[in-house]
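What follows is a set of notes on a single structure, which appears directly below.
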Amino acid sequence: MLRGALKLIVLAFGVWLALKFLWGTQAVMITAFLGVLLGLAMIKPVDWLQRIKIPRGLGAPLVLLLGIGALVGLGAAVAPQVKEQTKELQGALPKIIASIEQWLNKAPAQVLGSGQPQQQQQGQQEQGQQGQQPEGEQKPQPKEGQQQQGQKQGQQQGGQEQSKPPQGGLSEKLTGQFQSFSGMVLGLLSSTFGALAGLLIVMFLAMYIAIDPALYRKGLMHLFPHDVRHRADEVLTTLATVLRSWLVARLIAMVAIGIITTVALVLLDVKAAIALGIIAGILELIPFFGPIMSAVPAVGIAFVDSPQKGLYVLLLYIALQQLEGNLITPLILERRLDIPPVLTILAVSALGVVFGMLGMLIAEPLLAVVLVVAKMLYVQDVVGDDVKIRGQD
């Protein structure tokens, strides 16, 4: 009894110590996971280069350099346009809010389903009430000249009030929020040393994994007892296949969404359509929330031209969200992965809150890893249910 209690205490202390270590090294763990993911993606191209007599020690750096060159070229082509449009959007944000407010004020009947008809009814009711008043109680009416002057002054004051946005109103609040967000982004970008160090670690991890994946696989096998090594090898093989399938599926979805968004924005005559399409394609890596984040700059830039165009772009991104959820994701992702959408939303939300943007980026592949391990080692081996897993032989 006492020995069992001591074992339980030691186990709980060990778990607490491990969790504390993982929490303290969370940045390193996320970087390592991204490096492993990139390395698994590089194995197939390096295998192909090896078949045409290019050694793996040369093929892995070559694949990495080609990928970096493609990204740098794409960034150099798009960065000036994105930077220019971001500055334009930041400077035009008060104008966007003012135009939205004026548009809603000018066309309340079309937008809210009310407005002038109610005012006319109120005027008719007031006239009827004045007609029912007794003759002895009639109020003195002001002169026509004074009425006209009062109406003109009221119209002028009303126009001035509409042209000037209220202090502390929606415009100033959103402008302040946008400036604080821009400051946060610039603060993150200013820490170039940390970003470059993390990027270099990811690239070197991926390169060494792609050069000799068997070396690290054998090293992991030595951590398991001999009687379970065969099952551990099956789990690792399935994990590698699932992660590679996830990456390929996400890349296909990114290209599809990027092309569709670019073509649609060009047809709507939206500025920086190519840059916005690339942003939409890149943010497709983040499930569910990525399309929402990519819609914000596109709708804002469209509202600079006209509120109607902004509404059309908003409807476009809603249609793209439906297209992704009902066609692209089922055809591409669900055929390669068995991940329920509800679990994906919860995982992306939780890791986004805890780890930020990087947490949202790794949420889906990390969830795929957890589900594969749970299905193979618990559902199949412990429970005994016959569960099929994509990627498992």
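Index from 1, following the sequence.
- Between the NZ atom of K53 and the CG atom of L58 there is a distance of 15.0 Å, given to the nearest 0.5 Å.
- Under the rule for a side-chain contact (heavy atoms from CB on, under 4.5 Å), the partners of M221 that lie at least two apart in sequence or sit in another chain are F224, A232, D233, L236.
- Considering CD1 of I252 and CE of M254, their distance stands at 11.5 Å, rounded to 0.5 Å.
- Tracing side-chain contacts under 4.5 Å through hydrophobic residues (I, L, V, M, F, W, Y), one reaches I209 starting from F204; they form part of the same cluster.
- Across every non-hydrogen atom of G258 and T262, the tightest pair is O-OG1, 2.7 Å.
- In terms of heavy-atom proximity, A60 sits nearest to M42 at O-CE, 3.4 Å.
- S294 and L283 get closest at one heavy-atom pair: N-CD1, 3.5 Å.
- Few gaps surround CZ on F355; more than 12 heavy atoms of other groups in view lie less than 6.0 Å from it.
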With a cut-off of 3.5 Å and sequence neighbours excluded, list every side-chain donor-acceptor pair involving residues 61-70.
none

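- V266 and I260 are not part of a single hydrophobic cluster, where members link through side-chain heavy atoms under 4.5 Å apart.
- L40 and Y216 end up in the same hydrophobic cluster when Ile, Leu, Val, Met, Phe, Trp and Tyr side chains are linked at under 4.5 Å.
- Every residue two or more places apart in sequence or in another chain that forms a side-chain contact (heavy atoms from CB on, under 4.5 Å) with I282 is listed here: I278.
- The CG atom of L351 lies 10.5 Å from the CG atom of L361; values are rounded to the nearest 0.5 Å.
- Smallest separation of non-hydrogen atoms from K309 and D269: NZ-O, 2.9 Å.
- Contact check for L200 versus M203: side-chain heavy atoms found under the 4.5 Å cut-off.
- Between Q308 and L311 there is no side-chain heavy-atom pair separated by less than 4.5 Å.
- By the 4.5 Å heavy-atom criterion applied to side chains, V242 and L371 are not counted as neighbours.
- Cluster partners of F13, using a side-chain heavy-atom cutoff of under 4.5 Å among ILVMFWY residues and allowing indirect links, are W16, L17.
- For the pair V296/Y317, no side-chain contact is recorded, criterion being any heavy-atom separation below 4.5 Å from C-beta on.
- Taking the side chain as every heavy atom from C-beta outward, E284 and V255 never approach each other to under 4.5 Å.
- Every residue two or more places apart in sequence or in another chain that forms a salt bridge (charged side-chain N to carboxylate O under 4.0 Å, His left out) with R56 is listed here: D47.
- At least one side-chain heavy atom of W246 sits under 4.5 Å from a side-chain heavy atom of L37.
- Residues satisfying the salt bridge (charged side-chain N to carboxylate O under 4.0 Å, His left out) test with D212, not counting sequence neighbours, are none.
- Across G39 and A210, no two heavy atoms sit closer than the pair O-CB, 4.2 Å.
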Practice item. Start with the C-alpha distance between R231 and L377, add both sets of side-chain angles, then the distance that settles side chain to side chain contact (heavy atoms under 4.5 Å, CB included), and finish with yes or no. Key: CA-CA 9 Å; R231 186 58 171 168; L377 299 183; 4.3 Å; yes
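- Distance check: M29 CE to I362 CD1 gives 11.5 Å after rounding to the nearest 0.5 Å.
- Hydrophobic clustering, defined by side-chain heavy atoms of Ile, Leu, Val, Met, Phe, Trp and Tyr closer than 4.5 Å, groups I201 together with L205.
- Among residues two or more places apart in sequence or in another chain, the side-chain contact (heavy atoms from CB on, under 4.5 Å) test is passed with Y378 by V382, V383.
- Here the closest heavy-atom approach between residue A302 and residue G310 is recorded as CB-CA, 3.6 Å.
- Cluster note: V342 groups with L346 through ILVMFWY side-chain heavy atoms spaced under 4.5 Å, whether in direct contact or through intervening members.
- Other members of a hydrophobic cluster containing L8 are absent, since no ILVMFWY side chain comes under 4.5 Å of it, directly or through relayed contacts.
- I292 and M360 fall into different hydrophobic clusters, where Ile, Leu, Val, Met, Phe, Trp and Tyr side chains are chained together by heavy-atom contacts under 4.5 Å.
- Residues that satisfy the side chain to side chain donor-acceptor pair (under 3.5 Å) test with H222, not counting sequence neighbours, are absent from this structure.
- The CG atom of L320 sits 11.0 Å away from the CG atom of L315 when rounded to the nearest 0.5 Å.
- With values rounded to the nearest 0.5 angstrom, Q380 atom CD is found 9.0 Å from D385 atom CG.
- Note on residues 29-40: no pairs pass side-chain hydrogen bond (donor to acceptor under 3.5 Å, both in side chains), not counting sequence neighbours.
- At a threshold of 4.5 Å between side-chain heavy atoms, the hydrophobic network of Ile, Leu, Val, Met, Phe, Trp and Tyr places L38 and L199 in one connected group.
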